[in-house]
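In this chain, numbering begins with 1 at the start of the sequence shown. Just so it is clear, the values below take in all heavy atoms, side chains as well, and ignore hydrogens, waters and symmetry mates.
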Amino acid sequence: MTTIRIWFTKQDEASYISLLDLQRVMQRSLKRSGLPVWHTLGFNPHIYMTFACPLPLGQESLVESVDVKTEEENPDLEAWKAALSGAMPRGVEIVRVVKPDHKADAIAYACYTVSLPEEFKSGIDRYNAQESAIALKKSKRGKKEIELKEFLPTIPYEVENGLVKFQVQLPAGGDGLNLNPSLWLDYLNEHFGVDATRASVLRTRLLQKNLTDFS
């Protein structure tokens with residue numbers, strides 16, 4: 001059995017596809033492509049798929065990936081890319097198809113670019129002036145207080161064409177902690193009136209512990 005990693009982007013309206021719906025999209029696209037993907041066994045066989053670091057609804061990404069399996073020993077990866085490219089919905093673009101070098105648990109950090117209207121710059125300035133910023137992170141395991149300043153002491157932004165833009169590198173599960181820019185945006189919204197619904201978030205890289213790209 002050979003593992004195939006499909007790298008794709010998720011932008012524009014596709015950013016509002018939930019993980020469950022994305023699984024359905026990929027199932028249908030893989031079936032339409034006619035590629036020899038492996039199905040699970042049992043009463044309800046389906047295409048084996050594993051997504052790495054799913055994003056919250058509404059966030060865009062240049063580095064989404066899904067692993068599938070095939071019984072082909074030497075699959076033609078360019079042929080896979082061509083077949084899949086013609087079966088994807090708008091907003092999802094196949095970037096490359098590869099044999100993975102690492103398992104998904106090798107991901108330690110994710111990099112994001114966040115953009116906000118310039119009118120909310122003062123909220124970021126007020127965050128930067130604070131010594132402490134405590135946020136409540138909710139997960140399936142319950143709620144946990146996070147000191148945001150531990151991970152982002154200040155938000156180093158720049159103003160460009162009426163937008164405030166900043167880049168962040170955050171833990172993404174390497175040590176059991178997975179943080180997302182939405183935690184900061186919610187804090188800015190709650191404390192300084194920054195309208196988080198007007199922010200755009202784009203994930204640009206996935207990194208390993210040694211800060212090399214996950215592949």
At what distance, to the nearest 0.5 angstrom, does [atom1] of [X] lie from [atom2] of [Y]?
{"X": "H102", "Y": "I107", "atom1": "NE2", "atom2": "CD1", "answer": "10.5 Å"}
{"X": "S200", "Y": "K165", "atom1": "OG", "atom2": "NZ", "answer": "8.0 Å"}
{"X": "L185", "Y": "R198", "atom1": "CG", "atom2": "CZ", "answer": "13.0 Å"}
{"X": "R126", "Y": "L188", "atom1": "CZ", "atom2": "CG", "answer": "10.0 Å"}
{"X": "F192", "Y": "Y127", "atom1": "CZ", "atom2": "OH", "answer": "9.0 Å"}
{"X": "Q23", "Y": "I17", "atom1": "CD", "atom2": "CD1", "answer": "12.0 Å"}

Could you check whether any side-chain heavy atom of [X] comes within less than 4.5 Å of a side-chain heavy atom of [Y], counting everything from C-beta outward?
{"X": "T9", "Y": "E60", "result": "no"}
{"X": "R90", "Y": "E13", "result": "yes"}
{"X": "C111", "Y": "L207", "result": "yes"}
{"X": "N161", "Y": "L163", "result": "no"}
{"X": "L170", "Y": "Y112", "result": "yes"}
{"X": "E64", "Y": "L55", "result": "yes"}
{"X": "W7", "Y": "I94", "result": "no"}
{"X": "V164", "Y": "F120", "result": "no"}

Which atoms form the tightest heavy-atom contact between [X] and [Y], and what is the distance?
{"X": "F166", "Y": "P156", "value": "CB-O, 3.7 Å"}
{"X": "N128", "Y": "I155", "value": "OD1-N, 2.7 Å"}
{"X": "R96", "Y": "K81", "value": "CA-CD, 4.4 Å"}
{"X": "G58", "Y": "Y16", "value": "CA-CE2, 3.7 Å"}
{"X": "A172", "Y": "N178", "value": "CA-OD1, 3.6 Å"}
{"X": "T40", "Y": "P45", "value": "O-CB, 3.1 Å"}

Any donor-acceptor pair under 3.5 Å linking the side chain of [X] with the backbone of [Y]?
{"X": "K121", "Y": "V159", "value": "no"}
{"X": "H46", "Y": "N44", "value": "yes"}
{"X": "Q27", "Y": "I47", "value": "yes"}
{"X": "S29", "Y": "V25", "value": "yes"}
{"X": "E72", "Y": "T2", "value": "no"}
{"X": "R205", "Y": "A110", "value": "no"}
{"X": "T70", "Y": "V37", "value": "no"}
{"X": "D76", "Y": "E78", "value": "yes"}
{"X": "K69", "Y": "M49", "value": "no"}
{"X": "T113", "Y": "Q167", "value": "no"}

Given the ring of F214, does K103 sit roughly above its face, with NZ or CZ under 6.0 Å from the centre of the six-membered ring and within 45° of the axis?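 Geometry flag: not set, cation outside 6.0 Å or 45°.
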If hydrophobic clusters are built from ILVMFWY residues whose side chains come within less than 4.5 Å, do [X] and [Y] share one?
{"X": "M88", "Y": "L62", "answer": "no"}
{"X": "Y187", "Y": "L183", "answer": "yes"}
{"X": "L19", "Y": "Y48", "answer": "no"}
{"X": "V66", "Y": "L84", "answer": "yes"}
{"X": "V201", "Y": "F151", "answer": "yes"}

Under 3.5 Å side-chain donor-acceptor pair for [X] and [Y]:
{"X": "Q59", "Y": "N180", "result": "yes"}
{"X": "S132", "Y": "E147", "result": "yes"}
{"X": "D125", "Y": "Y157", "result": "yes"}
{"X": "D67", "Y": "T3", "result": "no"}

Between N210 and T212, is the side chain to side chain donor-acceptor pair (under 3.5 Å) condition met? List the steps. CA-CA 6 Å; N210 61 4; T212 60; 2.6 Å; yes
Could you walk me through whether K143 and K137 pass the side chain to side chain contact (heavy atoms under 4.5 Å, CB included) check? CA-CA 6 Å; K143 300 177 181 179; K137 185 180 187 299; over 6 Å; no
After noting the C-alpha distance and the side-chain angles of L148 and I146, does the key distance pass the side chain to side chain contact (heavy atoms under 4.5 Å, CB included) rule? CA-CA 6 Å; L148 300 181; I146 301 290; 4.2 Å; yes
Among L179, V114, N189, which residue meets the side-chain contact (heavy atoms from CB on, under 4.5 Å) test with W184?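 Answer after filtering L179, V114, N189: L179.
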Checking L116 against I124 for the side chain to side chain contact (heavy atoms under 4.5 Å, CB included) test, could you report, in this order, the C-alpha distance in whole Å, the side-chain angles of both residues, the deciding distance, and whether it holds? CA-CA 10 Å; L116 281 164; I124 298 176; 4.2 Å; yes
Look at the aromatic rings of F51 and F8 and report parallel, tilted or perpendicular, splitting at 30° and 60°.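 If you compare the ring of F51 with that of F8, the planes turn out perpendicular.
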